[in-house]
Amino acid sequence: MANYEEVFRKVVAHAKEYGFIFQSSELYDGLGAVYDYGPNGVELKNNIRDYWWKSMVNMNDNIVGLDSAIFMHPATWKASGHVDAFNDPLIDNKDSKKRYRADVLIEEHVARIESKIEKEVKKAAKRFGDSFDEEQFVSTNPRVVGYKEKCTSIMQRFAQAMNDNDLVDVKALIEELGIVCPFSGTKNWTDVRQFNLMFKTQMGSTADGATDLYLRPETAQGIFVNFLNVQKTARMKLPFGIAQTGKAFRNEIVARQFIFRMREFEQMEMQFFVRPGQEMKWYEHWKESRMQWHLSLGIDKEQFRFHDHDNLAHYANAACDIEFKFPFGFKELEGIHSRTDFDLKSHQEHSGRKVQYFDPEINESYVPYVVETSIGLDRMFLTILSNSYQEEEVNGENRLVLSIPPMLSPVKAAILPLTKKDGLPEKAKEILKSLQYDFNCQYEEKDSIGKRYRRQDAIGTPYCITVDHQSLENHTVTLRDRDTMQQERIAIEQLHRLISKKVGLNRD
RNA sequence: GCGAGUGUAGCUCAGGGGUAGAGCAUCACCUUGCCAAGGUGAGGGUCGUGGGUUCAAAUCCCAUCACUCGCUCCA
């Protein structure tokens with residue numbers, strides 16, 4: 001594991017040194033868990049996004065795109081469940097230094113009382129034998145009734161306190177119940193604090209007339225609230241999908257592991273709408289299809305695995321992750337969720353509008369079911385980066401190469417005059433002009449040719465084109481392959497076709 | 001938020017009360033010309049920030065900020 005950490009350290013340092021990723025606001029000592037993409041980083045990121053968009057939207061005639069705004073009506077987040085689910089009251093035990101969710105502590109306490117009720121019931125059942133009437137017992141036995149009342153009053157008080165945002169009373173409740181920390185066994189608690197996982201902001205320039213808004217914590221809701229607009233205007237028939245990429249914001253309590261967990265990050269999501277009852281078929285379809293997408297990038301199959309969720313979120317009836325083996329272990333890269341009709345139905349209820357689809361095949365209107373594929377663009381970036389980073393030995397010397405899939409490489413080709421005289425730079429610049437319209441190219445004449453090759457290796461450029469004296473005579477150049485370091489001499493006219501074949505999406 | 005660690009040049013780090021250092025990187029010139037680190041020279045730091053002790057603080061003390069790691073959360 002120490003070795004993995006070492007590799008990860010190097011990847012992070014490399015990302016900075018070669019202009020892929022900088023920490024946000026570094027000039028001011030940095031801003032935690034926020035990162036900026038540098039000149040090479042933005043190219044790679046754009047290429048990943050393009051590749052996703054092409055394969056999801058352009059290659060599927062039943063998927064269309066959308067770019068919804070980051071600001072959304074605040075009711076959206078009530079409907080989606082985020083307002084409730086993203087507000088956790090937390091409390092620390094000062095002795096054990098452990099942190100707990102206050103609601104969980106209280107619920108566990110209630111659960112203990114409930115188990116006492118069960119014990120009483122069992123005991124009674126034994127005592128009364130066949131004539132035992134559980135319902136009657138539970139409603140009449142004074143001890144059980146007392147327990148039940150206690151549970152109800154605790155939960156009511158807790159609900160009331162949460163509703164009033166009265167965290168002082170939540171703490172008082174915990175103290176009154178005598179809840180102790182399982183580790184230290186003490187009641188030495190801090191105050192209860194609320195963690196807001198959504199970022200709040202205001203719309204409207206005057207303080208008193210402003211409306212509280214949230215920065216969206218996921219892009220999906222923009223798709224759901226536009227379901228009718230898109231379906232009608234693009235004349236889509238079920239099953240069909242809506243895809244969107246964009247920024248999302250989460251106030252993570254801790255943010256670690258470089259760009260794996262960021263406060264501001266970018267998602268690539270596709271929500272696929274299906275007839276109720278067909279969701280599992282499509283869930284399986286997208287599970288398979290998304291895994292194939294990852295494998296199409298040439299990454300080793302062993303680096304991925306599925307992880308099925310046991311504890312499903314409130315909206316899902318099936319969910320799995322595609323995990324990638326990051327340098328710090330297998331971690332979630334993409335989620336495929338069968339979200340049922342939860343979201344659309346909830347928006348229907350909250351908005352008071354009909355969010356339904358009339359299905360001409362069965363002559364019926366219904367709220368569609370949704371299968372979601374949701375991948376973190378930044379996580380995909382880290383996947384590509386950490387998977388590409390390689391150190392190898394060449395003639396007793398280290399070579400550092402990013403073996404990025406060529407279609408994703410920030411720079412497709414470097415054009416290098418062997419020397420910076422005798423008209424070689426001019427010839428090289430001619431070639432640059434002929435290629436740079438279609439490919440992101442770099443021209444370099446500084447330093448020895450070997451040094452330039454290695455610099456290009458370090459940013460993952462698949463091709464180096466070297467212009468030498470022979471080029472002036474017969475219009476040929478050498479084309480060096482990043483991975484094999486082999487060179488072949490080819491006609492300048494062939495360059496465009498060869499590079500296109502290697503870096504294009506269509507490999508035929 | 002708690003605990004531990006770190007903060008000196010673009011990067012990696014040395015220096016632990018007395019004029020701020022090295023290697024690499026950068027820039028210029030020379031040399032070489034197909035797999036990085038040849039020669040000469042140059043630029044670059046009020047040692048994270050603020051305060052204190054001292055004749056004197058990068059160095060000792062206090063505070064503060066940021067980052068890293070662990071714990072709590074994570075569709």
Side-chain angles (χ1 to χ4, degrees), chain A residues 5 8-10 12-14 16-19 22-33 80-82 85-102 104-105 181 183 190-193 195-197 217-218 220-221 248 250-258 260-261 267 269 309 311-316 319-321 328 331-332 334-339 342-343 372 374 376 394-395 397-401 416-422 424 445-458 464 466-470 477-478 480 482 485-487 489:
Chain A
E5 279 167 23
F8 187 46
R9 229 176 248 284
K10 283 184 182 175
V12 173
H14 189 83
K16 185 187 173 187
E17 188 169 356
Y18 286 90
F22 309 126
Q23 180 165 40
S24 164
S25 315
E26 201 187 87
L27 197 61
Y28 292 100
D29 284 333
L31 185 64
S80 69
H82 284 86
F86 266 35
N87 274 314
D88 293 332
L90 300 179
I91 188 168
D92 295 351
N93 183 273
K94 288 178 188 166
D95 299 311
S96 66
K97 308 290 180 199
K98 295 280 180 192
R99 173 171 292 172
Y100 301 93
R101 276 173 54 173
V104 171
L105 283 180
C181 166
F183 281 85
T190 63
D191 288 341
V192 177
R193 285 181 313 260
F195 278 72
N196 298 311
L197 274 68
E218 64 174 18
Q221 298 305 325
R250 291 182 199 177
N251 228 338
E252 307 277 2
I253 297 172
V254 289
R256 290 285 156 80
Q257 282 149 340
F258 197 40
F260 183 79
R261 183 164 296 145
Q267 293 184 308
E269 292 198 316
H309 286 206
N311 297 325
L312 295 173
H314 56 283
Y315 54 71
C320 75
D321 297 335
F328 39 84
K331 289 278 156 90
E332 176 183 356
E334 171 157 14
I336 295 110
H337 299 170
S338 175
R339 294 182 77 130
F342 175 87
D343 299 280
E372 161 190 274
S374 173
V394 177
N395 301 329
E397 278 174 341
N398 278 341
R399 182 171 88 117
L400 212 161
V401 55
L416 318 168
L418 190 59
T419 75
K420 51 180 158 185
K421 54 188 182 206
D422 303 334
L424 298 188
E445 58 178 33
K446 237 187 88 61
D447 294 318
S448 75
I449 190 69
K451 211 167 177 174
R452 282 178 275 168
Y453 286 151
R454 297 302 175 85
R455 263 206 296 268
Q456 293 299 330
D457 289 341
C464 287
T466 308
V467 178
D468 56 15
H469 291 87
Q470 207 180 322
V477 289
T478 60
R480 170 189 181 269
R482 174 193 69 198
M485 294 197 291
Q486 295 298 308
Q487 288 177 280
R489 182 161 286 277

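From a predicted model like this one, the values you see are computed outputs, not experimental measurements. Letters A, B, ... mirror the listed sequences (proteins, then strands); counts begin at 1.
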### Query
Considering only the P atoms, how many Å lie between B:rG38 and B:rU32, rounded to the nearest integer?
15 Å
### Query
When you check the phosphate oxygens OP1 and OP2 of B:rG33, does a side-chain N or O of A:Lys420 lie under 4.0 Å from one of them?
no
### Query
With a 4.0 Å cut-off, would you call A:Asp447 and A:Arg454 a salt bridge?
no
### Query
Expressed in angstrom and rounded to an integer, what is the separation of A:Arg480 atom CZ from B:rG33 atom C1'?
16 Å
### Message
Work out how far the P atom of B:rU19 is from that of B:rU12, and round it to whole angstrom.
### Response
27 Å
### Message
On the side chain of A:Arg452, is there an atom forming a donor-acceptor pair with the base of B:rC35 - under 3.5 Å, no angle test?
### Response
no
### A:Asp447 vs A:Arg455, nearer the 5' end of RNA chain B by closest nucleotide
A:Arg455
### Summary
Of B:rC27, B:rG33, B:rC73, the nucleotide closest to the side chain of A:Arg261 is B:rC73
### Rounded distance in Å between the P positions of B:rC24 and B:rU40
12 Å
### Task
May I have the distance from A:His337 (atom NE2) to B:rC74 (atom C1'), rounded to whole angstrom?
12 Å
## Note on the structure
Heavy atoms of A:Asp468 and A:Leu424 approach each other most closely as O-CD2, 3.4 Å
### Query
Among B:rC11, B:rA28, B:rC74, which nucleotide sits nearest the side chain of A:Lys16?
B:rC11
### Query
Quick one: A:Arg454 CZ to B:rC34 P, roughly how many Å, whole number?
15 Å
### Query
What's the base orientation of B:rG33: syn (chi within 90° of 0) or anti?
anti
#### Entry: Atom C1', compared across B:rU68 and B:rC30: separation rounded to whole Å
45 Å
### Query
When the P atoms of B:rG3 and B:rG16 are considered, how many whole Å apart are they?
31 Å
#### Entry: Duplex segments of RNA chain B, taken as runs of at least three Watson-Crick or G-U pairs that stay under 3.5 Å
B:1-7 with B:65-71, B:10-13 with B:21-24, B:26-30 with B:38-42, B:48-52 with B:60-64
### Query
Whole Å only: how far is the NZ atom of A:Lys446 from the P atom of B:rA36?
17 Å
#### Entry: C1'-based separation of B:rG18 from B:rA57 [nearest Å]
10 Å
### Summary
Rounded to whole Å, NZ of A:Lys10 lies from P of B:rC11 at a distance of 18 Å
### Message
When you measure only distances, ignoring hydrogens and angles, does the side chain of A:Gln487 come within 3.5 Å of the base of B:rC34 through a donor and an acceptor?
### Response
yes
#### Entry: P-based separation of B:rC47 from B:rA9 [nearest Å]
10 Å
### Task
Calculate the interatomic distance between A:Asp422 atom CG and B:rU32 atom C1'; express it in whole Å.
14 Å
### Query
With nearest nucleotides of RNA chain B determined for A:Asp321 and A:Asp468 from heavy-atom distances, which residue corresponds to the more 5′ nucleotide?
A:Asp468
### Message
If I compare all heavy atoms of A:Arg261 with all of A:Ala33, which pair ends up nearest, and what's the gap?
### Response
O-CB, 4.1 Å
### Message
Just to be sure I understand the rule, does A:Ser374 reach a base, reach only the sugar-phosphate, or reach nothing, if contact means heavy atoms closer than 4.0 Å?
### Response
nothing
#### Entry: Gap between atoms CZ and C1', on A:Arg9 and B:rU12 respectively (whole Å)
12 Å
### Query
Where is the tightest heavy-atom contact between A:Tyr453 and A:Gln487, given as atom of each residue plus distance?
OH-NE2, 3.2 Å
### Pair A:Arg339 + A:Glu269, salt bridge at N-O below 4.0 Å
no
### Query
Quantified in whole Å, what is the P atom distance between nucleotide B:rA22 and nucleotide B:rG15?
15 Å
### Task
Could you tell me the separation between the CZ atom of A:Arg250 and the P atom of B:rC73, rounded to a whole number of Å?
16 Å
